[in-house]
S.K.: 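Okay, handing you the structure first.
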Amino acid sequence: MTDIDPESPVDFDRFVDTEHPVLVTGATGFVAGWIVKALLEAGVTVHAAVRRPDDTARLQPLIDLAAASPGRLRFFGADLLTPGAYAEAIQGCRVVFHTASPFAMSVADAQRDLIDPALSGTRNLLDTVNATPSVTRVVLTSSVAAAYGDTVDIRDAPGGVLTEAVWNTTSSLTRQPYSYSKTLAERAAWEMAEAQQRWRLVTINPALVLGPSILGTSTSGSDILIRQFADGTMKSGAPPMEIGMVDVRDVATAHLRAAFAPHAEGRHLVVAEVRSFLAIGAALRTAFGAAWPFPTRVAPKWLIWLIGPMIDRTLSRPFIARNFGHAWRVDNSKSRNALGLTYRPVTQAAVDMVRQMIDTGAIRAPN
Ligand code: NAP
């Protein structure tokens, strides 16, 4: 790993390649929106792969961004599960950002809804990368979920701290299937990267991503979680849980640096801070007032264990036992040293996210 000398910080902007287009898969996504914005502002031509390229109403915010930026934007239709779907969008690209993957905690069929698009989708895209001589780097949006399954697992990491060397070994189709999908996809990507010499894989492994969305609305699991702070779900108490969090704008910066910095390599845990759900509730209450049903106390673990499964099917008793009341510890030094990240506070990201939800009418202020 090449660390940055704090005395002479690296000017990452000078590495950005504006000569060649880049491919961004899942360009409609919450995380991808900010990657596309940063690329367009840097003057890069973006080949944006989306499922419905004709849905101009949804894509309008990206179209507007491109109109106001030096970079150019072209849309391509592609579904992860269609072999060769990215063959047209990838033409001429040196860099591929693979963000497309479902982020959902509650699905009807984990194999169909999570594993297949994550794993087969990644292999499908990388087959096309292998067949495209111009590509020299692939930045995969993985997750801290590929490093651990349940919070209690972190205790078993060396020193009880998550690092880039740690892999999730506990998730399965029935236990944390989203985390399983991210682990399988990242493992498959490393296998395919190591089987060839031309392109380098760099992964960004963010924790829970917070912040406003470029498209105005989002179906990301981040959105669903933050809504629960505002809609009264946590009114009687926040889950006794802490977790790593990061601002979506910092995640986008991490992707660009991973794509263009000559020295970028390997995995990067991109985590700004570890915060409790109660701390996020407190920040939202300070910003929006006491009339909102943000949590003001922690719900006891025993109570959630007793009634949680009846209220929310994702709150199984094994999940509660393994994730509530355990310490969440991470070493984010590689992201700071190799990618030069300086992180924004995550409470502000949560506030910005809720403010956008209020402004767009996605959530209603209490009477
Ligand atoms: P998101 O807003 O739901 O974005 C997911 C993207 O994947 C959307 O563009 C979606 O397209 C696309 N997609 C899903 N299934 C697809 C398919 N079959 N074919 C083509 N595209 C498909 O969620 P996000 O939070 O931005 O997540 C983006 C990436 O970040 C994912 O890889 C996720 O695992 C990772 N990540 C997210 C977080 C977080 O806290 N948000 C944390 C760590 C890692 P449609 O718009 O058409 O549905």
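Heavy atoms only: backbone and side chains are in, while hydrogens, waters and symmetry mates are out. Ligands are counted one by one from 1 in listed order, and the atoms in each one are counted from 1 as well.
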S.K.: Classify the contact between Arg58 and ligand 1 as side chain, backbone, both or neither, using a heavy-atom distance cut-off of under 4.0 Å.
M.R.: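 Side chain only; the backbone of Arg58 stays clear of ligand 1.
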
S.K.: Indicate, as side chain, backbone, both or neither, the part of Phe30 found under 4.0 angstrom from ligand 1 when only non-hydrogen atoms are considered.
M.R.: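 It is both backbone and side chain that touch ligand 1.
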
S.K.: Quick one: does Thr141 get within less than 4.0 Å of ligand 1, heavy atoms only?
M.R.: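 Yes.
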
S.K.: May I ask you to identify, for Ser213, whether its side chain, its backbone, both or neither come under 4.0 Å of ligand 1 on a heavy-atom basis?
M.R.: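 None of Ser213 does.
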
S.K.: Out of curiosity, Thr45 OG1 to Leu23 CG, how far, rounded to the nearest 0.5 Å?
M.R.: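 Those atoms lie 13.0 Å apart.
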
S.K.: If you measure from each non-hydrogen atom of Ala49 to ligand 1, which part falls under 4.0 Å: side chain, backbone, both or neither?
M.R.: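 The answer is neither; Ala49 stays 4.0 Å or more away.
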
S.K.: For Ala118, state whether at least one heavy atom is located under 4.0 Å from any atom of ligand 1.
M.R.: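 Per 4.0 Å heavy-atom rule, Ala118 does not contact ligand 1.
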
S.K.: Answer with yes or no whether Ser142 contacts ligand 1, where contact means a heavy atom under 4.0 Å from a ligand atom.
M.R.: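 Under 4.0 Å: yes for Ser142.
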
S.K.: Which class fits the ring pair Phe97 and His255: parallel under 30°, tilted 30 to 60°, perpendicular over 60°?
M.R.: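 It falls in the tilted class, 30° to 60°.
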
S.K.: Which heavy atom of the protein is the closest neighbour of atom 24 (P) of ligand 1, given with residue, atom name and distance?
M.R.: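 In this structure, atom 24 (P) of ligand 1 has Ser220 OG, 3.7 Å as its nearest protein heavy atom.
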
S.K.: I need the contact type for Trp34 against ligand 1. Using non-hydrogen atoms and a strict under-4.0 Å cut-off, is it side chain, backbone, both or neither?
M.R.: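 Looking at Trp34 and ligand 1, no heavy atom falls under 4.0 Å.
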
S.K.: At what distance, to the nearest 0.5 angstrom, does CG of Asn205 lie from CD of Glu164?
M.R.: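 The distance works out to 7.5 Å.
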
S.K.: Any side-chain donor paired with an acceptor under 3.5 Å for Tyr148 and Trp167?
M.R.: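 Side-chain D/A pair, Tyr148 to Trp167: absent.
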
S.K.: What's the shortest distance from atom 47 (O) of ligand 1 to any protein heavy atom, and which residue and atom give it?
M.R.: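 Looking only at protein heavy atoms, the one closest to atom 47 (O) of ligand 1 is Arg51 NE, 3.0 Å.
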
